[in-house]
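Notes follow once the structure below has been shown.
Both ligands and their constituent atoms are indexed starting at 1 by order of listing. In this text, all values refer to a predicted model and were calculated from it rather than measured experimentally.
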Amino acid sequence: MATLGAHKKHKVTIVGSGNWGSTIAKVVGENTAANPDLFEKEVQMWVYEEQVEGKKLTELINEKHENVKYLPGIELPHHVVANPSIEDAVKGSTILIFNLPHQFIKGLCKQIQGVILPFARGISCIKGVDVRESEIRLFSEVIGEQLGIYCGALSGANIANEVAQEKWCETTIAYDPPPVDSQAPTPARTPPNRSPAASQLDLTKLDQHKDVSGKPSKVKLTPLASEYAAIDHVTMKILFHRPYFHVRVVSDVAGVSLSGALKNIVALAAGWVDGLGWGDNAKAAIMRVGLLEMVEFGKRFFGKTIQTKTFTEESAGVADLITTCSGGRNHRCAKMSVVEGKSISEIEDRELNGQKLQGVSTAEEVYTFLRSQGLEQDFPLFTAVYKILKGEEKYENIPQLIEKDTVSTDADEK
Ligand SMILES: NC(=O)c1ccc[n+]([C@@H]2O[C@H](COP(=O)([O-])OP(=O)(O)OC[C@H]3O[C@@H](n4cnc5c(N)ncnc54)[C@H](O)[C@@H]3O)[C@@H](O)[C@H]2O)c1
Ligand SMILES: O=P(O)(O)OC[C@H](O)CO
């Protein structure tokens with residue numbers, strides 16, 4: 001393996017190759033090529049193998065440098081290599097980027113337990129939550145626990161096709177690993193769009209080492225781990241930031257992960273009111289109530305570490321809510337289901353060519369969790385979405401279902 005001074009280069013693997021997985025492979029592949037001192041140029045992309053037009057999808061991607069099924073019309077960097085073997089794709093990688101529909105992640109992690117480098121770091125681009133009745137976990141936590149590694153999260157107002165076409169947008173990376181006990185010096189690196197002086201300042205500011213529960217902790221690196229430069233906020237920014245994909249790095253992993261998951265529930269309701277032809281004011285009302293429920297859900301169940309400002313100030317929060325309720329797949333399929341009088345799953349099968357909606361399963365999972373806590377009534381929009389999906393309520397009744405109180409009191413306003 002090639003080295004930078006005393007440091008080996010980081011090897012990057014993308015676990016997943018759908019619409020967003022392939023887009024992130026493009027983004028990351030461009031950056032590994034642009035930063036040869038820090039990263040190996042080749043990026044492995046694990047692909048769930050399937051036949052497309054009589055050929056293996058991996059062969060098509062490697063021949064055409066295009067994911068013809070999930071991201072057609074976009075050229076991928078030629079050093080992004082599609083690999084049908086998950087074990088082979090992750091071998092020796094120091095940075096693992098998880099990017100697949102949330103229902104598949106646990107099975108995948110099982111397959112690579114003990115195969116990955118023990119000191120690898122993960123980033124979850126997955127928008128969803130893992131619910132087992134009364135227990136709810138972020139996918140960054142699921143991945144971290146199953147694989148015994150630290151995992152952060154990336155989420156934002158990022159409709160994949162727009163990012164792939166290099167239309168400018170922002171994203172948020174949440175990354176807050178425990179401190180690393182390493183004697184090895186980290187080579188000076190300048191994050192994109194920053195002067196070296198600014199990067200020094202930011203490094204000091206961002207270098208707060210707490211685990212997800214907020215407790216400071218220390219991790220002892222194996223000798224092998226110390227051969228690599230630290231994977232910190234700057235490394236993350238260099239790996240993901242592009243002129244058309246602007247990255248902000250924060251430490252609120254729960255806020256970033258949760259907002260990405262919960263906005264998909266709100267998008268279904270926004271699609272329904274659009275399908276009913278109720279106009280922009282109605283959709284704005286859905287988004288207002290949705291945002292409040294997202295923040296409340298975060299504070300109630302992930303309160304220790306979550307920051308309200310992640311929902312209101314970051315791309316992962318309000319910006320993603322807005323874009324999803326305008327141009328996302330959940331919104332589009334929900335709207336079509338009203339217009340055509342068909343179920344969302346029928347529309348999904350017909351319209352998405354194998355891509356997967358996340359809002360329907362997330363609505364069911366979140367409702368299951370809320371019911372286990374006896375708190376359905378505190379989240380009327382999330383509950384209404386679930387009941388409408390189950391046929392227990394009608395979308396025409398959304399205004400009544402989400403109306404909590406009509407008169408705000410002085411106490412409410414304080
Ligand atoms: N597409 C977007 O615009 C977008 C943007 C931001 C975030 N996201 C999030 O990114 C995550 C991944 O979404 P996506 O758009 O890349 O996927 P997608 O909707 O395109 O899903 C299809 C993917 O699932 C894979 N798949 C199908 N069956 C499988 C199985 N049994 N096991 C494993 N994989 C299987 C397919 O090979 C394909 O890669 C989701 O959580 C999504 O919410 C999507
Ligand atoms: O197409 P959706 O509804 O899965 O949303 C896509 C992205 O999450 C938008 O940021």
Inset, instruction - Return the option from K263, Q358, H331, K356 holding the heavy atom at the smallest distance from atom 5 (O) of ligand 2. - result: K263
Inset, instruction - Looking only at distances, please establish whether an N/O atom of ligand 2 is found under 3.5 Å from an N/O atom of T323. - result: no
Legend entry - Pick from E162, Q103, K356: the one approaching atom 19 (O) of ligand 1 most closely through a non-hydrogen atom: K356
Legend entry - Test of proximity, D320 against ligand 2: N or O pairs below 3.5 Å: yes
Inset, instruction - Enumerate the atoms of ligand 1 whose separation from the nearest heavy atom of G354 is less than 4.0 angstrom. - result: 22 (C)
Inset, instruction - Output yes when K26 and E166 qualify as a salt bridge under the 4.0 Å nitrogen-oxygen rule, no when they do not. - result: yes
Inset, instruction - Identify the two heavy atoms, one from W272 and one from A334, that lie closest to each other, and give their separation to 0.1 Å. - result: CD1-O, 3.5 Å
Legend entry - Per-atom contacts of ligand 1 with A160, taking only distances under 4.0 Å to non-hydrogen atoms: 1 (N), 2 (C), 3 (O)
Legend entry - Any G156 heavy atom less than 4.0 Å from ligand 2: yes
Legend entry - Heavy-atom nearest option to atom 30 (C) of ligand 1, drawn from Y48, W46, F139: Y48
Inset, instruction - Could you tell me whether some N/O pair between W20 and ligand 1 is separated by less than 3.5 angstrom? - result: yes
Legend entry - Between T58 and E49: side-chain donor-acceptor atoms closer than 3.5 Å: yes
Legend entry - Under-4.0 Å heavy-atom contact with ligand 1, by part of C125 that carries it: backbone
Inset, instruction - If the plane angle is over 60° it's perpendicular, under 30° parallel, otherwise tilted; pick one for Y386 and Y367. - result: parallel
